[in-house]
Amino acid sequence: MAFLSELFDFRLFLIAAFIFLPLERLFAARKDQKVLRRDWANDLIYVFVNGIVIRLGLVLIVLLTLAASRVAVPTDLREAVAGQPLWLQLAQVFLLADLGFYLLHRLFHSVPALWRIHQIHHSIEEMDWLAAARVHPIDQILTKGASLLPCFALGFSEWAIGAFAIAYHWHSLLLHSNIRLSFGPLNRLIASPDFHRWHHCRDKEAWDRNFAGQLSLWDHVFGTAFMPKGRTAESFGIGEAVPAGYPAQLLHPFRRREAASTEQKVHADNLSALG
Ligand SMILES: [Zn+2]
Ligand SMILES: [Zn+2]
């Protein structure tokens, strides 16, 4: 489980800054965006405080899953899974983990109580690598749980799961970065920053699309992919106010609900149309 603590290491944060800050200058998707853009200090709090909360939450649920899966999942199956070559386990973990992420992410967009939690992430109005951290801890724990728990329960090697978790972390920073990058024909398989920017786009036609965290393949399989040719997502965020500051954002999903805004109702209609 050492990889879990490594994910939130301060040195990793500095390495990420050294990698992404120059790349965002060289290949900026939005050239007029400042390094110290709006809410950057708040997103820094997410990096450090969320890291601790999520680590504790994840360790607890992974331990519970391991205990439960020893009873619920047949030993023969766990042994067969663990007996496969590492490269095959790795491919299976990527597919299974991102399917879990896709399904739960879609649920976060379709269940109003979950959307209130996920709104915090969608309040990002200027995309960059640091903004990837702006995720409510409950959102992080549940989506990471949906990705990782089936893999732990089925007995995949900790090496394969650890490699996935590290790749997911760096890929997530890349997806949110202010870098213009698309993967050409591989767009149908792997999520790119251009792909994820559409997920955050304010335009109604892009709402509730591109749910995959790593493999855009799942959006193509389930008919939720949106990558219009020759166009790029320009404006980000949601149509309603999310309070400023980490403590208020943490409490936001649990505050008494005001009447839903028109934009939120349209959002819900879009989802029911999607099925
Ligand atoms: Zn989302
Ligand atoms: Zn995002």
Side-chain angles (χ1 to χ4, degrees), residues 16 20 24 29-30 33 37-40 42-43 46-47 50 54 97-147 167-182 187 190-216 218-219 222-227 232-240 242 249 252-253 263-264 266-268 270-271 274:
F20 285 102
E24 287 186 341
R30 244 159 78 165
Q33 191 170 299
R37 43 89 184 153
R38 189 150 34 101
D39 296 333
W40 71 270
N42 193 46
D43 290 346
Y46 272 91
V47 171
N50 256 16
I54 292 160
D98 207 44
L99 176 61
F101 180 93
Y102 174 93
L103 294 173
L104 197 69
H105 189 184
R106 202 164 161 174
L107 208 61
F108 264 104
H109 277 246
S110 53
V111 176
L114 291 177
W115 170 245
R116 297 268 298 167
I117 296 171
H118 191 54
Q119 257 183 344
I120 303 300
H121 183 57
H122 280 271
S123 69
I124 299 168
E125 291 182 350
E126 292 177 281
M127 304 275 293
D128 69 5
W129 65 282
L130 187 60
R134 196 190 307 169
V135 185
H136 196 286
I138 294 176
D139 188 343
Q140 287 264 27
I141 290 170
L142 292 181
T143 44
K144 278 195 164 64
S147 296
Y168 172 84
H169 176 74
W170 288 96
H171 194 176
S172 172
L173 297 184
L174 176 68
L175 286 186
H176 293 89
S177 67
N178 183 28
I179 295 174
R180 167 113 27 247
L181 180 63
S182 188
N187 275 331
I190 303 168
S192 66
D194 288 358
F195 172 90
H196 195 64
R197 263 194 293 278
W198 279 115
H199 181 69
H200 281 267
C201 184
R202 288 180 74 113
D203 299 350
K204 281 180 192 159
E205 58 180 344
W207 286 356
D208 309 314
R209 305 285 173 171
N210 300 3
F211 292 107
Q214 294 205 283
L215 301 177
S216 50
W218 291 125
D219 280 288
F222 294 113
T224 49
F226 185 73
M227 284 284 273
T232 49
E234 300 291 347
S235 60
F236 310 104
I238 48 175
E240 53 196 291
V242 164
Q249 289 177 353
H252 173 66
E263 199 161 346
Q264 196 178 14
V266 176
H267 194 86
N270 266 15
L271 275 159
L274 272 173

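Counting starts at 1 for both ligands and their atoms, following the listed order.
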Measure up the [X] and [Y] rings against each other and bin them: parallel (under 30°), tilted (30 to 60°), perpendicular (over 60°).
| X | Y | answer |
| --- | --- | --- |
| F20 | W170 | parallel |
| H200 | H176 | perpendicular |
| H105 | H122 | tilted |

Any donor-acceptor pair under 3.5 Å linking the side chain of N178 with the backbone of R30? yes
What angle, in degrees and rounded to 10°, do you get at the Zn ion (ligand 1) when you join it to NE2 of H105 and to NE2 of H109?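 Between NE2 of H105 and NE2 of H109, at the Zn ion (ligand 1), the angle is about 100°.
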Measure from the Zn ion (ligand 1) to each N, O or S atom of H199 and report whether any distance is below 2.8 Å.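 For H199, the answer is yes, given that an N, O or S atom comes within less than 2.8 Å of the Zn ion (ligand 1).
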Taking 2.8 Å as the cut-off, does H121 contribute an N, O or S atom near the Zn ion (ligand 1), distance below it?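 So H121 does not count as coordinating the Zn ion (ligand 1).
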Strictly by modelled atom types, are H136 and H252 linked by a side-chain donor-acceptor pair under 3.5 Å? no
Please determine if the Zn ion (ligand 2) has an N/O/S atom from H122 lying under 2.8 Å away.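 Checking H122: none of its N, O or S atoms is under 2.8 Å.
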Just give me the atom name: the N, O or S atom of H176 closest to the Zn ion (ligand 2). NE2
